[in-house]
Amino acid sequence: MKTKIWLSTFAVVMAAMVIGCKPKGAQSTLAGDAANKVYVPPGQHDEFYNLVSGGFNGQMSVVGLPSGRTLKILPVFSVHPENGWGYSEESKPMLNTANGFVPWDDLHHISVSTTNAEHDGRWAFANGNNTPRIARVDLTTFKTVEIIEIPNSAGNHSSPYITENTEYVVAGTRFSVPTGEDRDVSIDSYKDNFKGTISFLSVDKNSGHMDIAFQIEAPPFNFDLARAGKKKSHGWFFFSTYNTEMAHTLLEVNASQRDKDYIMAVNWKRAEEYIKEGKGKKIKAPYAHNVWDEETHMATSTIKENILSLDPTELKDILYFIPCPKSPHGTDTDPTGEYIIGSGKLAAIIPVFSFTKMLEAIENEDFEGTIGGMPVLNYESVLHGEVEKPGLGPLHTEFDGRGNAYTSMFVSSEVVKWNIETLEVLDRVPTYYSVGHLMIPGGPTGNPHGKYMVAYNKITKDRYLPTGPELAHSAQLYDISGDKMQLLLDFPTIGEPHYAEAFPASLIKDKQVKFYPMEHNNHPRALKGINDARVERDGNNVHVYMTSIRSNFRPDNIEGVRLGDEVYFHVTNLEQDWDVPHGFAIKGANTAEILIMPGETATLKWVPDRVGVFPFYCTDFCSALHQEMQGYIRVSSADSNVPIKYLTGEAE
Ligand code: CUA
């Protein structure tokens, strides 16, 4: 009896200790119904698609919310051996630039196309930071279909932001650089010879095709992030700037001197009028424009030579500067388009500017000075108000559509909810750890879906099972439907997520392409059926016209290839059914596999470097006889006279 009492007392003490030992924060912020709120039962679908930037892996991931499940890794600027992106002959031109083939980039931000400031689910745009590029992804195929390079730019960080009807996708340069004819200048001539640029890329309403419509020269600041005006502020664009000190060394110190930097307001409607009047000058600035064709299943790359440049020191009413404390990172416009929020990384407050007041200040020439002849507005005149004591290190702000703003705080590692009108702080939740971007589905649009918020954190530390020195980055999902934010879920991410966008799955899920119709396959080396399978020699090039269908390749025995030949396997997947890709890989190829979608043709180039017989096989488990889906190719010496010979399904 005594023992029993002792035991139960022990159990109570142990239970209390277990609760007491939970990591700080976990018990207080995680409510009991969190699991139900993120649980998507087997066979059911998530409510939202979330497109998440991959940062230094140069890709985008597609994540379902609220489950946090990764649905796809979508290659954009970086080669992707999983499906041959950047390895197949057809996709290589997508990664061409004025500097040649660039197989990697640092993808930071995503913008989903909008109509009337609401997500329309047609395209997603993404920026390449390092070799300045903007990509367009088709959201019926989840494939990168266009990449355009941005000349006179370096560190394409302030990008790709879109106007409310996707008239333009916009890119501001992070680094100012020499842009004139002579680019061999001393770095300490920064103030005289370096320039910032803002590029406006037009987007064709129907095809989505982009081109550089015009570029605006700007002072040699660093341009960090941007947002378009919307609704009442449609026609304007807002860019955060830092290093308005115009330092070129040790920016950590030298670019943190001034109390206020600027938000640069661009009147792009006015810029359009100037262009109609014939203003601006054509300047030489080569850039690559790469377009994927869904019928030929291949990309073409064109180098274009000139852009139209506008000089705002001559066209005086297109650029205005709003003082903003202090080294602003994000600038965001609220769903009504009235409020412009600056997030000074080193500022103790969050300034909220009024678009209406900005227009009045411009009208009244209420200026505190000029930069190169361009007006600097009075801070107080444009200010709606300041959020007091929001937290430390504000970076980015999103909106719930109910009059509230949510700002990520890097230094104090939290998300702070506040009211846009009253500027009152309403709630704060910790993040694990050091949140960068945050995302509310539809958050940057005129119509946010204020149900969830995801924090994309920069530091992971102890959140998951440890995996050596390199850890996955971490996202956290919060329920924001009530007064108080509630942490629901941690999930690891691919690469380093920066910005992400999400929208209701219903917007696009019924529009998905399931396979490519064979009758529309206009690839010049496509085969329409197994009877066309063949091998042809053309000088030192050997073209293998190959079909793949469950579960064979035709031809599957190939002879007559000689050392010194380049062999092109043009593989057409004849399947006309959803989810039946075939892969193709050959032993010793210095490349990756190719993964061919049903109805598609893709080409793998192989340069044999030795004599022998080499196997090839299907890499994607396609049927019960997938392991039988294989073949051999014989390589003979350079002077051999073995003729071209192949088998296409004859019985042995
Ligand atoms: Cu085709 Cu496995």
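Only this structure's heavy atoms are used, side chains among them; waters, hydrogens and symmetry mates stay out. As the structure lists them, so they are numbered: ligands from 1, and atoms in each ligand from 1.
- For His109 and His437, the ring centers sit closer than 6.0 Å to each other.
- Salt bridge absent: Lys304 and Glu149 never bring a charged side-chain N and a carboxylate O closer than 4.0 Å.
- Thr445 and Asn447 form no side-chain donor-acceptor contact under 3.5 Å, judged by distance and modelled atom types alone.
- A side-chain donor from one of Ser159 and Asn156 sits under 3.5 Å from a side-chain acceptor of the other.
- Salt bridge annotation for Lys143-Glu600: present, with a cationic side-chain nitrogen under 4.0 angstrom from a carboxylate oxygen.
- The aromatic ring centroids of Phe553 and Phe569 lie 6.0 Å or more from each other.
- Atoms of the protein (N, O or S only) found under 2.8 Å from atom 1 (Cu) of ligand 1 are His582 ND1, Cys618 SG, Cys622 SG, Met629 SD.
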